[in-house]
Protein chains: 2
Amino acid sequence: MKNEIAEILKRNQLSVTGSRTKILELFQETNGALAHADIEKKTDETYDRVTIYRTLQTFVEKGIIHTIPTADNSVRYALCKDECTTGHHHDNHVHFICDDCGTTYCLDNITVPEVILPKGFTQKRADVIVSGICKNCE
Amino acid sequence: MKNEIAEILKRNQLSVTGSRTKILELFQETNGALAHADIEKKTDETYDRVTIYRTLQTFVEKGIIHTIPTADNSVRYALCKDECTTGHHHDNHVHFICDDCGTTYCLDNITVPEVILPKGFTQKRADVIVSGICKNCE
DNA sequence: AATTATTTGCAACAATGTTGCATTCGAATA
DNA sequence: TATTCGAATGCAACATTGTTGCAAATAATT
């Protein structure tokens with residue numbers, strides 16, 4: 001458990017610190033996504049705001065977590081599954097944001113549909129953001 | 001031209017003011033998307049920051065423009081095409097963001113592929129954000 | 001245990017977004 | 001066209017969010 005988290009950090013050439021362990025732990029016990037503010041609350045302001053920003057930034061760079069584009073200017077982060085944690089980068093993500101409760105779901109098992117782009121456009125990454133009502137709010 | 005803009009405003013029960021006309025004009029002569037900061041610059045700070053915020057908000061409410069979800073926490077707005085301006089709301093958008101020049105394209109003519117959601121999830125809206133290299137940067 | 005490199009917290013700052021209120025302006029009416 | 005009334009604007013003050021430099025603390029290495 002705790003060891004598992006340390007493993008992930010070491011595997012990514014990151015030193016094992018309190019904040020990194022705690023934040024990664026939070027992501028693991030959350031099946032949805034977390035925003036910076038969520039993390040601040042859930043850690044009871046134990047860590048400096050700056051530390052959280054930098055930790056998130058580091059995790060994104062290492063491919064441990066990824067950002068989720070949202071229309072309302074709130075950056076959310078979610079744990080990358082399997083392939084991501086081994087270093088391979090996802091190029092596609094499907095996310096579902098509930099209009100009611102605001103929970104963000106990573107639908108990793110869903111296939112991203114092919115988008116046919118106009119001539120001259122080259123695709124590197126595709127994000128699909130679906131919003132509506134989730135299974136808990138229906 | 002100028003009349004056309006006034007028409008759009010009136011059609012949406014909005015009084016025709018300087019800032020609204022100017023901002024709508026900007027969107028019309030931009031084929032990409034605009035962020036709040038872009039509008040501030042392009043209007044030479046003629047209008048108060050607050051006015052721009054409120055104008056954008058109003059336009060979104062009326063369905064004249066729509067927001068584009070981005071992963072980097074920068075809200076961008078783009079003009080809604082045809083159907084939108086007549087009051088009907090789009091439920092799907094495909095956008096392309098160039099990794100090189102940052103330009104955001106609305107690919108209104110592209111069909112949004114169907115996403116098959118797990119049981120209990122109801123879709124209201126879907127956004128596809130494709131990133132890569134655009135036709136001008138290839 | 002000592003050294004070194006990294007990470008953290010603090011402070012200060014910059015950017016972004018929000019709210020209340022007085023003034024100004026647009027639209028409708030006479 | 002002048003008047004009236006509701007809506008939009010600008011200003012000020014504030015809240016939130018994100019960034020940077022630097023000294024102190026901490027983790028990893030020897």
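Order of the sequence lines fixes the chain letters, A, B, ..., with proteins taken first and strands second; residue numbering starts at 1 for each chain. It should be emphasised that the depicted structure is a prediction, and the values quoted were computed from it without experimental measurement.
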Enquirer: What pairs of residues pass the ring-ring contact (aromatic ring centres under 6.0 Å, His included) test when at least one of them lies in residues 7-46 of chain A, not counting sequence neighbours?
Expert: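 Those involving residues 7-46 of chain A are H36(A)-Y53(A).
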Enquirer: State which residues pass side-chain contact (heavy atoms from CB on, under 4.5 Å) with T67(B); sequence neighbours excluded, sorted by chain then number.
Expert: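 Result, side-chain contact (heavy atoms from CB on, under 4.5 Å) vs T67(B): A71(A), V60(B), V75(B), Y77(B), R125(B).
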Enquirer: Residues sharing V50(A)'s hydrophobic cluster, by side-chain heavy-atom contacts under 4.5 Å among ILVMFWY, directly or via others?
Expert: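 The other cluster members (ILVMFWY side chains, heavy atoms under 4.5 Å, direct or chained): none.
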Enquirer: If you compare all heavy atoms of I129(B) against all heavy atoms of P69(B), which two are closest, and at what distance to 0.1 Å?
Expert: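 Minimum heavy-atom contact is CG1-O, 3.3 Å.
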Enquirer: Rounding to a whole Å, what distance do you find between N12(B):CG and dA7(D):C1'?
Expert: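 Taking CG of N12(B) and C1' of dA7(D), I get 16 Å after rounding.
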Enquirer: With F121(A), which residues qualify under ring-ring contact (aromatic ring centres under 6.0 Å, His included), at least two apart?
Expert: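 Here the qualifying residues are F96(B), Y105(B).
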Enquirer: Ignoring hydrogens, what is the shortest heavy-atom contact between C134(A) and C98(A)? Give both atom names and the distance.
Expert: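 Smallest heavy-atom distance, with atoms named: N-SG, 3.5 Å.
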Enquirer: For K22(A) and dT8(C), what is the distance between atoms NZ and C1' respectively, to the nearest whole Å?
Expert: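 Between C1' of dT8(C) and NZ of K22(A): 18 Å.
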Enquirer: Can you name the residues that form a side-chain contact (heavy atoms from CB on, under 4.5 Å) with I116(B), not counting sequence neighbours?
Expert: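 Here no residue qualifies.
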Enquirer: Listed by chain and number, what are the side-chain contact (heavy atoms from CB on, under 4.5 Å) partners of T17(B), not counting sequence neighbours?
Expert: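 With neighbours one apart ignored, the set is S15(B), S19(B), R20(B).
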Enquirer: Quick one: L56(A) CG to dT19(D) C1', roughly how many Å, whole number?
Expert: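 Value for this atom pair: 14 Å.
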Enquirer: Restricting both atoms to N or O, compile the protein contacts to nucleotides 4-7 of chain C shorter than 3.5 Å, with distance only.
Expert:
{"from": "dT7(C)", "atom 1": "OP1", "to": "R20(A)", "atom 2": "NH1", "distance (Å)": "2.9"}
{"from": "dT7(C)", "atom 1": "OP1", "to": "R20(A)", "atom 2": "NH2", "distance (Å)": "2.8"}
{"from": "dT7(C)", "atom 1": "O5'", "to": "R20(A)", "atom 2": "NH2", "distance (Å)": "3.3"}

Enquirer: Could you tell me which non-hydrogen atom of T122(A) sits nearest to which non-hydrogen atom of L117(A), and how far apart they are?
Expert: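 In terms of heavy atoms, the two residues are closest at C-CD1, 4.5 Å.
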Enquirer: How far does the helix from dA1(C)-dT30(D) to dA30(C)-dT1(D) bend, going by the axes of its first and last five pairs, to the nearest 10°?
Expert: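 Nearest ten degrees gives 30° for this helix.
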Enquirer: What is the distance from CD of E45(A) to C1' of dT8(C), rounded to the nearest Å?
Expert: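 For the pair E45(A) CD and dT8(C) C1', the rounded distance is 17 Å.
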Enquirer: Looking at K119(B) and K135(A), what are the two nearest heavy atoms and their distance?
Expert: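 Closest pair (atom of K119(B), atom of K135(A), distance): O-CB, 4.1 Å.
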Enquirer: Grab the N/O contacts between the protein and nucleotides 28-30 of chain C below 3.5 Å, and write none if there aren't any.
Expert:
none

Enquirer: Tracing side-chain links under 4.5 Å among I, L, V, M, F, W and Y, which residues wind up in one group with I133(B)?
Expert: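 Besides I133(B), the hydrophobic cluster comprises nothing; the residue is isolated.
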Enquirer: Heavy atoms under 4.0 Å is the rule here; annotate nucleotides 10-19 of chain C 5' to 3' with B where the base is hit, S where only the sugar-phosphate is, and - elsewhere.
Expert: BB----SBBB
Enquirer: Could you pull out all residues at least two apart from A35(B) that satisfy side-chain contact (heavy atoms from CB on, under 4.5 Å)?
Expert: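 Applying side-chain contact (heavy atoms from CB on, under 4.5 Å) to A35(B) gives D38(B), R76(B).
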Enquirer: Of all the heavy-atom pairs spanning C106(B) and H66(B), show the shortest one and how long it is.
Expert: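 Result for this residue pair: SG-NE2, 4.1 Å.
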